[in-house]
Amino acid sequence: MTRLSEYLLPTEKEAPADAEAISHKLMVRAGLIRQMGAGIWTWLPAGWRVHQRAVAIIREEIDAIGGQEMLMPVLQPAEPWRKTGRYAIDALFKLTDRKGAELVLAMTHEEAVTTHVAQVVRSYRDLPMTLYHFQVKERDEARPRAGVLRTREFIMKDSYTFDRDLAGLERSYDAHAGAYERIMQRSGLRYYRVEADVGMMGGSGAHEYMAPCPAGENEVALAGDYAANLEVASADPVPVTLPEAPDAPEAVATPGLTTVRDVAAELGLPEGALLKAYPVVVDGDGEERLVLVLVRGDHQVNEIKLALALSADSRPAQAAEIEAKLGPPGFIGPVQAPGEIEVLLDRAVAAAAPGGYVTGANRVDEHLRGVVPGRDFAFREVDVRNVLAGDTVGGVTVEIEPAIEVGNIFKLGTRYSEALGASYLDEDGREQPIWMGSYGIGPARIAAAAVEQNADEHGISWPRSLAPFDVHLVSLGKAGTPERDAADAVYELLAGSALDVVYDDREIGTGEKFADAELLGCPLRLTVGRRSLESGEIEVQIRRGREQAPPLALDGEPDALLGALHELWRSLP
RNA sequence: CGGGACGUGGCGCAGCCUGGUAGCGCACCUCGUUUGGGACGAGGGGGUCGCCAGUUCGAAUCUGGCCGUCCCGACCA
């Protein structure tokens with residue numbers, strides 16, 4: 001029973017002044033969410049209905065693959081977080097109780113679930129197992145943003161699988177991948193499943209479910225069937241034509257020219273015919289060493305791919321370090337005394353057609369031309385560059401699109417089980433670590449992504465699976481008029497049906513009612529007013545596209561009306 | 001954490017430069033008229049101007065400190 005005259009739906013004509021993202025503006029304007037602090041949000045009744053619809057879809061699909069729903073606490077002792085090494089994470093909220101005991105607010109639940117499994121699982125006969133819950137996550141984000149898109153507190157469905165070996169993990173992972181495909185489809189989102197960074201902590205594979213939209217914080221590289229987070233994407237570069245290489249590198253004077261652009265312009269070459277030298281300092285087992293990373297002049301180093309290639313974190317070298325080990329900044333290059341500094345050469349260069357590149361000469365105001373990798377310097381081939389729009393994968397041109405990460409699936413391996421002692425005895429009585437996977441998805445991000453992808457100048461246009469209500473019934477008559485009585489009757493009929501209906505019975509102007517209905521964005525709007533009595537029809541608007549649907553008979557058989565309405569509803573996206 | 005901006009009724013803003021006891025639009029309350037796309041008239045209620053200190057006879061306004069919020073970037077296990 002939902003009458004707007006009695007329902008908390010505080011709509012606003014104007015968006016918050018500081019809102020940028022579409023979903024931020026519209027979800028506040030439509031009365032779905034309200035802010036309490038930076039990255040801290042309340043879900044108002046209609047917004048919570050959307051959230052709960054997303055939750056219901058997720059629950060059904062995780063149950064369908066054998067997930068067992070439970071609930072683990074947000075407030076947790078610090079010890080297991082110390083054991084897994086995650087106590088050091090900056091984004092982890094830490095606190096002490098009155099006795100001085102150290103506690104944390106969980107940002108995810110690997111520690112909790114693994115602790116329990118370690119206590120409870122003894123035998124290979126107890127595996128495999130899938131546990132999950134919907135629970136609040138707390139993260140001290142450096143920068144919350146865009147309404148409900150990136151918050152410090154949010155509800156996540158996180159599930160965890162426990163298997164006896166890698167093969168079992170692969171099966172559990174694939175089962176989740178299937179469930180996630182169905183969740184995304186049922187949510188009515190446009191999405192990509194992309195290859196993702198597994199991070200420095202290992203793990204043998206990860207995918208993210210990305211909903212493309214302008215407010216997205218991630219970038220996705222797309223080419224036919226290929227889809228990857230830009231953090232890990234690989235592609236074939238647009239080729240460059242190189243000048244023929246002389247027998248040995250030749251020095252060219254380049255006074256004051258320290259950028260790729262300047263040197264390329266001076267020499268009349270494309271930027272891709274130069275090699276960009278990016279010196280970094282790697283901390284290898286406490287000892288720092290300088291490494292020279294080379295990418296094509298028109299390419300950029302990707303920090304995450306570089307970290308993977310180095311198996312270590314690195315930082316850009318400072319000018320003094322460059323000067324001491326290599327040469328004057330702005331003129332550095334790979335041609336040097338052999339073995340001095342390790343050179344990493346990006347695959348886009350290593351795989352290119354023959355020819356000579358231009359590089360810094362390690363001398364002030366000088367470059368070398370005709371430099372041939374392999375002949376003139378030794379290198380290790382790596383893939384560290386950012387993919388660019390226009391690159392190709394399997395001959396298909398790459399496009400890059402911003403997207404919201406709404407879910408991820410991750411092969412954890414044995415990192416947590418080993419840290420927390422989650423093991424089992426196999427048939428031979430040998431103790432084995434449990435192989436784990438973890439799988440997260442955010443109902444709030446599903447909701448926000450749906451708004452981002454389905455909005456127009458009038459407001460939200462929900463996919464029917466997520467809409468706060470299926471039908472928005474507008475009464476245009478004042479209390480006591482025959483048209484109001486007719487609207488009341490339609491409401492009573494719908495309220496007893498399988499469709500969720502919200503009834504605008506407020507004593508306000510027509511325009512305001514229509515505007516609110518289109519702002520809130522339920523898939524179908526029914527209007528009952530004086531015209532309805534004259535024509536015997538209920539006006540029907542489909543929110544998506546704001547099209548008029550064939551009207552429904554006002555005085556027909558109730559079952560026929562409900563049937564027709566339900567059929568129309570089911571035909572919607 | 002670096003850069004930038006902002007903080008004045010529920011929302012959006014003006015006032016601040018040049019100090020004198022707070023204003024506009026929307027929203028809200030009452031009455032009346034309206035009623036198929038954000039109506040009209042009349043009357044009315046609501047703000048210690050983010051907080052603390054300082055300067056001054058007097059501070060929304062000037063000074064200092066703090067807090068909060070947003071945007072860009074860094075970060076995001």
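Here is the naming used below: chain letters follow the sequence lines, and residue numbers restart at 1 for every chain. It should be emphasised that the depicted structure is a prediction, and the values quoted were computed from it without experimental measurement.
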| First encountered from the 5' end of RNA chain B, between A/Gly509 and A/Ala142 | A/Gly509
| query | By a strict heavy-atom criterion of less than 4.0 Å, which residues belonging to residues 445-462 of chain A are in contact with RNA chain B? | reply | none
| remark: Rounded to whole Å, CG of A/Leu519 lies from C1' of B/G37 at a distance of 14 Å
| request: Using Watson-Crick or G-U wobble geometry with both distances below 3.5 Å, tell me the partner of B/U18, or none. | output: none
| B/G7: pairing nucleotide in any strand, Watson-Crick or G-U under 3.5 angstrom | B/C67
| In whole Å, what separates the P atom of B/C75 from that of B/G2? | 15 Å
| field | Given B/C26, B/U34, B/G37, the nucleotide with the shortest approach to the side chain of A/Phe514 | value | B/G37
| Hey, are A/Arg546 and A/Asp456 close enough for a salt bridge, meaning a charged N less than 4.0 Å from a carboxylate O? | no
| field | Length of the CG-P vector between A/Asp140 and B/C75, whole Å | value | 17 Å
| said: Could you identify the nucleotide paired to B/G2, looking across every strand shown and requiring Watson-Crick or G-U wobble geometry with both distances under 3.5 Å? | reply: B/C72
Quick test: give all pairs of protein nitrogen or oxygen and nucleotides 6-12 of chain B nitrogen or oxygen below 3.5 Å, distance rounded to 0.1 Å.
residue: B/G12; atom: OP1; partner: A/Ala17; partner atom: N; Å: 3.2
residue: B/G12; atom: O2'; partner: A/Glu14; partner atom: OE1; Å: 3.2

| query | Looking across every strand, which nucleic acid part, if any, lies under 4.0 Å from A/Gly477 by heavy atom: base, sugar-phosphate, or nothing? | reply | nothing
| said: Between P on B/C75 and CG on A/Asn302, what's the gap in Å once rounded to a whole number? | reply: 11 Å
| Do the side-chain N or O atoms of A/Arg143 get closer than 4.0 angstrom to the phosphate oxygens (OP1, OP2) of B/C72? | yes
| note | Closest non-hydrogen contact found for A/Asp298 with A/Leu388 is O-CD1, 3.7 Å
| Close approaches to RNA chain B from residues 151-162 of chain A, in residue order (heavy atom, under 4.0 Å) | none
| What nucleic acid atoms does A/Thr527 come within less than 4.0 Å of, heavy atoms only: base, sugar-phosphate, or nothing? | base
| request: Identify whether any heavy atom of A/Tyr416 sits under 4.0 Å from a base atom; if not, whether one sits that close to sugar-phosphate; answer base, sugar-phosphate or nothing. | output: sugar-phosphate
| request: Write down the distance between CD (A/Gln548) and P (B/G37), rounded to a whole number of angstrom. | output: 13 Å
| request: May I ask you to decide whether A/Arg525 forms a salt bridge with A/Glu547, counting only side-chain N to carboxylate O separations under 4.0 Å? | output: no
| task | Would you mind reading off the distance between A/Glu110 atom CD and B/A77 atom P, rounded to a whole angstrom? | result | 11 Å
| task | Using both distances under 3.5 Å as the test, list the Watson-Crick or G-U wobble partner of B/U55, or none. | result | none
| said: Nearest to the A/Gln35 side chain among B/C75, B/U69, B/G37, which nucleotide is it? | reply: B/U69
| remark: For A/Asp163, the side-chain hydrogen bond (donor to acceptor under 3.5 Å, both in side chains) test, sequence neighbours excluded, returns A/Ser172
| said: Going by purine N1 to pyrimidine N3 plus the second Watson-Crick contact, or the G-U wobble pair, all under 3.5 Å, which nucleotide sits opposite B/A60? | reply: none
| task | Give one of base, sugar-phosphate or nothing for A/Ala146, where a contact means two heavy atoms less than 4.0 Å apart. | result | sugar-phosphate
| field | Nearest-Å distance once atom C1' is located in both B/C40 and B/U35 | value | 12 Å
| When we call it a touch if two heavy atoms are under 4.0 Å apart, what does A/Lys478 touch: a base, just sugar-phosphate, or nothing? | base
| remark: From CD of A/Glu534 across to C1' of B/U35 the rounded distance in Å is 14 Å
| note | Those residues at least two apart in sequence (or on a different chain) that pass side-chain hydrogen bond (donor to acceptor under 3.5 Å, both in side chains) with A/Asp516 are A/Thr11, A/Arg506
| request: Indicate, with a heavy-atom threshold strictly under 4.0 Å, whether A/Ser532 touches base, sugar-phosphate, or nothing. | output: base
| query | B/A42 pairs with which nucleotide, Watson-Crick or G-U wobble, both distances below 3.5 Å? | reply | B/U30
| request: Kindly check if the number of other-residue, nucleotide or ligand heavy atoms within 6.0 Å of CZ (A/Arg484) is above 12? | output: yes
| With sequence neighbours excluded, what pairs up with A/Pro45 under the side-chain contact (heavy atoms from CB on, under 4.5 Å) test? | A/Tyr7, A/Leu8
| Spacing between A/Asp504 atom CG and B/G38 atom C1', to the nearest angstrom | 13 Å
| note | A/Asn218 meets the side-chain contact (heavy atoms from CB on, under 4.5 Å) criterion, sequence neighbours left out, with A/Met210, A/Asn229, A/Glu231, A/Glu405
| Sugar-phosphate only, base, or nothing, as touched by A/Arg546 at under 4.0 Å among non-hydrogen atoms | base
| query | By side-chain contact (heavy atoms from CB on, under 4.5 Å), which residues pair with A/Leu499, not counting sequence neighbours? | reply | A/Asp470, A/Val471, A/Ser497, A/Leu565, A/His566, A/Trp569
| said: Does the structure show a Watson-Crick or G-U wobble partner for B/C49, both distances under 3.5 Å? Name it, or say none. | reply: none
| said: Under 4.0 Å, heavy atoms only, any strand: does A/Ala91 hit a base, just the sugar-phosphate, or nothing? | reply: nothing
| message | Under a 4.0 Å threshold between the charged nitrogen and the carboxylate oxygen, would A/Glu483 count as salt-bridged to A/Arg531? | response | no
| message | Can you work out whether A/Arg525 or A/Asn218 has the more 5'-proximal nearest nucleotide on RNA chain B? | response | A/Arg525
| query | How far, in whole Å, is B/C24 from B/C66 if one measures between their C1' atoms? | reply | 32 Å
| field | Separation between the P atoms of B/G7 and B/A60, rounded to whole Å | value | 16 Å
| remark: Residues passing the salt bridge (charged side-chain N to carboxylate O under 4.0 Å, His left out) test with A/Lys305, sequence neighbours excluded, are A/Asp383
| message | Side-chain N or O of A/Arg145 versus OP1/OP2 of B/C72: is the shortest distance under 4.0 Å? | response | yes
| message | Counting the atoms with a prime plus P, OP1 and OP2 as sugar-phosphate, which does A/Asp90 contact under 4.0 Å by heavy atoms, base, sugar-phosphate, or nothing? | response | nothing
| B/G37: pairing nucleotide in any strand, Watson-Crick or G-U under 3.5 angstrom | none
| What integer number of Å spans the C1' atoms of B/A14 and B/A22? | 11 Å
| said: If the condition is side-chain contact (heavy atoms from CB on, under 4.5 Å), which residues does A/Glu217 pass it with, not counting sequence neighbours? | reply: A/Arg145, A/Arg150, A/Arg445
| field | Euclidean distance for C1', B/C11 against B/G46 (whole angstrom) | value | 14 Å
| Rounded distance (Å) that lies between atom P of B/U69 and atom CD of A/Glu20 | 17 Å
| note | side-chain hydrogen bond (donor to acceptor under 3.5 Å, both in side chains) filter on A/Glu102, not counting sequence neighbours, yields A/Arg82
| When rounded to the nearest Å, what value does the distance between P atoms of B/G10 and B/C29 take? | 16 Å
| Among A/Val121, A/Leu131, A/Thr130, side-chain contact (heavy atoms from CB on, under 4.5 Å) partner for A/Phe162 | A/Leu131
| Of all pairs that satisfy side-chain hydrogen bond (donor to acceptor under 3.5 Å, both in side chains), the ones with a partner from residues 25-42 of chain A, not counting sequence neighbours | A/Glu12-A/Arg34
